[in-house]
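First comes the structure, then the notes that go with it.
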Amino acid sequence: MKILVTGGCGYIGSHTCVELLESGYEVVIVDNLSNSKEDVIDKIKTITGKKVKLYKEDVCNYTAMDKIFEKEKVDAVIHFAGYKAVGESVSKPLMYYRNNLDSTLTLLEVMTKHNCKKIAFSSSATVYGKPKKLPILEDFPLSTTNPYGPTKLMIEMILKDLYTSDNEWSIAILRYFNPIGAHKSGLLGEDPNGIPNNLMPYIVKVANKELKELSIFGNDYNTKDGTGVRDYIHVVDLAKGHIKAIEKVMKDKGVDTYNLGTGKGYSVLEIVNTFQKVNNVKVPYKIVDRRPGDIDACYASTKKAKELLNWKAELEIDEMCKDSYNFVKKNK
Ligand code: NAD
Ligand code: UFG
C-alpha cells in the first residue's frame, strides 16, 4: 500500500512517515522544504531502516503533482502541507490563504484525475474558536479568530462538498489539539526558526539557556491555577492516530471528523513544573499580560476517535516533556 504524504518532512509529517513505514506502508513525500530540511529523509531511514522517496515540489504545482501521481500509483494521501503560524497568518493573510487553499485544491484536483479518492487531512482545534463547554465534541459550533483558522475551516468545507458531489471519496478530517514531544531517538522533533510562539518550543529554549525566561501569558484565567489550559498530545501518539485514520479511509467511504487529543487539560504552570522536574533543569519565568486571542481552556472529547478509529493517546505529559528536551539537547 503506497501513501503519499504532503509536508512529510515537517514536524508531524516526519513522525507519521516513521509510523507508516513501521506499519509496512510504502511512503512517498512531497515537500517544498519551506519549513523543513531535507536531512529528515536520512533520519527517517536511520530510525526505520526503510527508504522513503522525497519529491521536492510545491503541492500547488499542478503539473508536478500530476506527474508524481502518474508515476507513483498512490493508494491514499495524508495532507500535512500548509502554513501553521497563527501570528504570521495575521500579518500575511494572503500568503496563508494562497498556500493552504491552493495546495489543497490542486491536490484534490490531481487526486480526482488519478482516481485516488482517499485522504486524511490535518485540521486543527483552532476551528472550535472559544468553546462554550468542555470537553470539546466534534459537533460543537465552529468559529475562528485569525486567518490561519478559516484556511482550515474552508478546507473542511471543501472536503465535505467534495464527498457530497462524489460518494466514492473517503475522507478523514483530523483536528489536532496541541502536539508536543519528539521521537525517542532524538532525531526528529520540532525546531522552529527564530523565537518560538508556542509554549513547549519556548520552554526548551529557556531550559537550554538560548532564551532568558519564559513569559507566562496571564494567571487570571478561569482555570485551576489561573494559567491557560490545553490538551497537549505527544507527536508520536498523534502520528499513530494517522495510521488508524488511514486504515479507516481504506475501509469505509464517507467524510468524518475526529479530534486527536488526550482529553486531559494541563495548565502552563503544570507544564513548566513537570518539565523542570523530569528534566532536572530550571525554567525561569515571569507572569505577563494575557496574549490577545488566547482562551482559558481547551481539551478534546476523545470518545469518537476511540470508538470509530480505535485509537487513543498513550503517552503521558512526563514523556512529552522529556522527549521535547531530549531532541533539543541532541540537536544543539
Ligand atoms: P510543519 O511546518 O513542521 O510541516 C509542514 C510541512 O509542509 C513543512 O515541511 C513544509 O515545508 C511543507 N509545506 C508547506 N507548504 C507546502 C507546499 N505548498 N508544498 C509542499 N510542501 C509544503 O508543520 P506541522 O506542525 O508538522 O503541521 C502539519 C500540519 O498540521 C499543518 O497543516 C498544520 O496546519 C497542522 N496542524 C499543526 C498543529 C501544530 O501545533 N503543529 C496543530 C494543528 C494542526
Ligand atoms: N503560552 C505562554 N507563553 C508562551 C507561549 C504560550 O504562556 O510563550 C501559553 C498560552 O497562553 C496558552 C498555552 O501556553 O495558554 C499554549 O500556547 P501555544 O501557543 O503553545 O498553543 P495554542 O493553544 O495557543 O495554539 C496551538 C497552535 C494553534 C492551534 C492550537 C490547537 O498554535 O495553531 O494549538 O491545536 F490551533
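As the structure lists them, so they are numbered: ligands from 1, and atoms in each ligand from 1. Note that these values count all heavy atoms, side chains included, but never hydrogens, waters or copies made by symmetry. What you are looking at is a predicted structure, and each value in this text was computed from that prediction instead of being measured.
Across G8, A125, C60, G7, heavy-atom proximity to atom 7 (O) of ligand 1 is greatest for G7. When the heavy-atom distances from atom 15 (N) of ligand 1 to T126, N99, N197 are ranked, the shortest goes to N99. Ranked by closest heavy atom to atom 5 (C) of ligand 1, the top entry among A85, A64, G82 is G82. Distances from atom 33 (C) of ligand 1 to the heavy atoms of Y55, Y148, F177 show the closest one on Y148. Comparing Y11, F121, Y176, Y83 against atom 36 (N) of ligand 1, the shortest heavy-atom distance belongs to Y176.
Remark: K330 pairs with no residue by the side-chain hydrogen bond (donor to acceptor under 3.5 Å, both in side chains) rule, at least two apart or across chains.
Residue contact check: S122 has heavy atoms under 4.0 Å from atoms 29 (C), 30 (O), 32 (O), 35 (C) of ligand 1. Less than 4.0 angstrom separates some heavy atom of S34 from each of these atoms of ligand 1: 10 (C), 11 (O), 13 (N), 14 (C), 15 (N). Of all atoms in ligand 1, numbered sequentially from 1 with element shown, those under 4.0 Å from a heavy atom of G10 are 3 (O), 4 (O), 9 (O), 26 (O). For ligand 1, the atoms lying closer than 4.0 Å to a non-hydrogen atom of D31 are 6 (C), 7 (O), 8 (C), 9 (O), 10 (C), 11 (O), 12 (C), 20 (C), 21 (N).
A donor-acceptor pair under 3.5 Å is absent between the side-chain atoms of E190 and the main chain of I180, judged by distance alone. Judged by distance alone, with hydrogens and angles left aside, the side-chain atoms of T6 form a donor-acceptor pair with the main-chain N or O of A81 at under 3.5 Å. D294 places no side-chain N or O within 3.5 Å of a backbone atom of G228 that could act as its donor or acceptor partner.
Here the CE atom belonging to M320 is positioned 7.0 Å from the CD1 atom belonging to I233, to the nearest 0.5 angstrom. Separating the NZ atom in K2 from the NZ atom in K73 is a distance of 9.0 Å, to the nearest 0.5 Å.
Residue S36 has at least one nitrogen or oxygen atom sitting less than 3.5 Å from a nitrogen or oxygen atom of ligand 1, judged on distance alone. Considering backbone and side-chain atoms together, F80 places an N or O closer than 3.5 Å to an N or O of ligand 1.
The neighbour count for K224 NZ, taken as heavy atoms of other residues, nucleotides or ligands under 6.0 Å away, is above 12. Residue K184 places its NZ atom among more than 12 non-hydrogen atoms of other residues, nucleotides or ligands, all under 6.0 Å distant.
Within the structure, ligand 1 has E57 among the residues with a heavy atom less than 4.0 angstrom away. Ligand 1 has D58 within reach: a non-hydrogen atom of the residue lies less than 4.0 Å from it. By the 4.0 Å heavy-atom criterion, S123 is counted among the residues contacting ligand 1. Judged by the shortest distance from any of its heavy atoms, K152 lies inside the 4.0 Å radius around the atoms of ligand 1.
Under 4.0 Å is where a charged nitrogen must lie from a carboxylate oxygen, and between K248 and D256 no such pair does.
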Original post:
Can you list the steps and then say if T16 with V5 is a side chain to side chain contact (heavy atoms under 4.5 Å, CB included)?
Top reply: CA-CA 9 Å; T16 302; V5 181; 5.7 Å; no
Original post:
For D231 and C298, what are the C-alpha separation, side-chain angles and deciding distance, and is it a side chain to side chain contact (heavy atoms under 4.5 Å, CB included)?
Top reply: CA-CA 6 Å; D231 183 339; C298 166; 5.7 Å; no
**OP:** Apply side chain to side chain contact (heavy atoms under 4.5 Å, CB included) to S34 and Y83, showing your working.
**Re:** CA-CA 9 Å; S34 56; Y83 295 150; 3.9 Å; yes
Subject >> H183 vs Y11, ring-ring contact (aromatic ring centres under 6.0 Å, His included): CA-CA, chis, key distance, verdict >> reply: CA-CA 10 Å; H183 195 266; Y11 174 46; over 10 Å; no
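A donor and an acceptor atom, one from each side chain of N219 and T227, are nowhere located under 3.5 Å apart.
Remark: minimum distance from atom 27 (O) of ligand 1 to any protein heavy atom is reached at I12 CD1, 3.7 Å. For atom 2 (O) of ligand 1, the closest heavy atom belonging to the protein is N35 ND2, 2.7 Å. If you check which protein heavy atom lies closest to atom 25 (O) of ligand 1, you get K84 NZ, 2.8 Å. For atom 17 (C) of ligand 1, the nearest protein heavy atom (residue, atom name, distance) is N32 ND2, 3.3 Å. Protein heavy atom in closest approach to atom 39 (C) of ligand 1: P179 CG, 3.6 Å. Atom 19 (N) of ligand 1 has V59 N, 2.9 Å as its closest protein atom, hydrogens excluded (heavy atom only).
The list of ring pair (Phe, Tyr, Trp, His ring centres under 6.0 Å) pairs with a residue in residues 299-332, not counting sequence neighbours, reads F275-Y325.
Grouped with M157 in a hydrophobic cluster is no other residue, since no side-chain heavy-atom contact under 4.5 Å to another Ile, Leu, Val, Met, Phe, Trp or Tyr is found.
With a heavy-atom cut-off of 4.0 Å, L33 touches ligand 1 through its backbone alone.
Contact residues of ligand 2 (protein heavy atom closer than 4.0 angstrom to a ligand atom; sorted by chain and number): V86, S124, A125, T126, Y148, Y176, F177, N178, N197, N198, L199, L214, S215, I216, F217, G228, R230, Y232, V268, R291, D294.
Ring pair Y148/Y96 is perpendicular by interplanar angle, where above 60° counts as perpendicular and below 30° as parallel.
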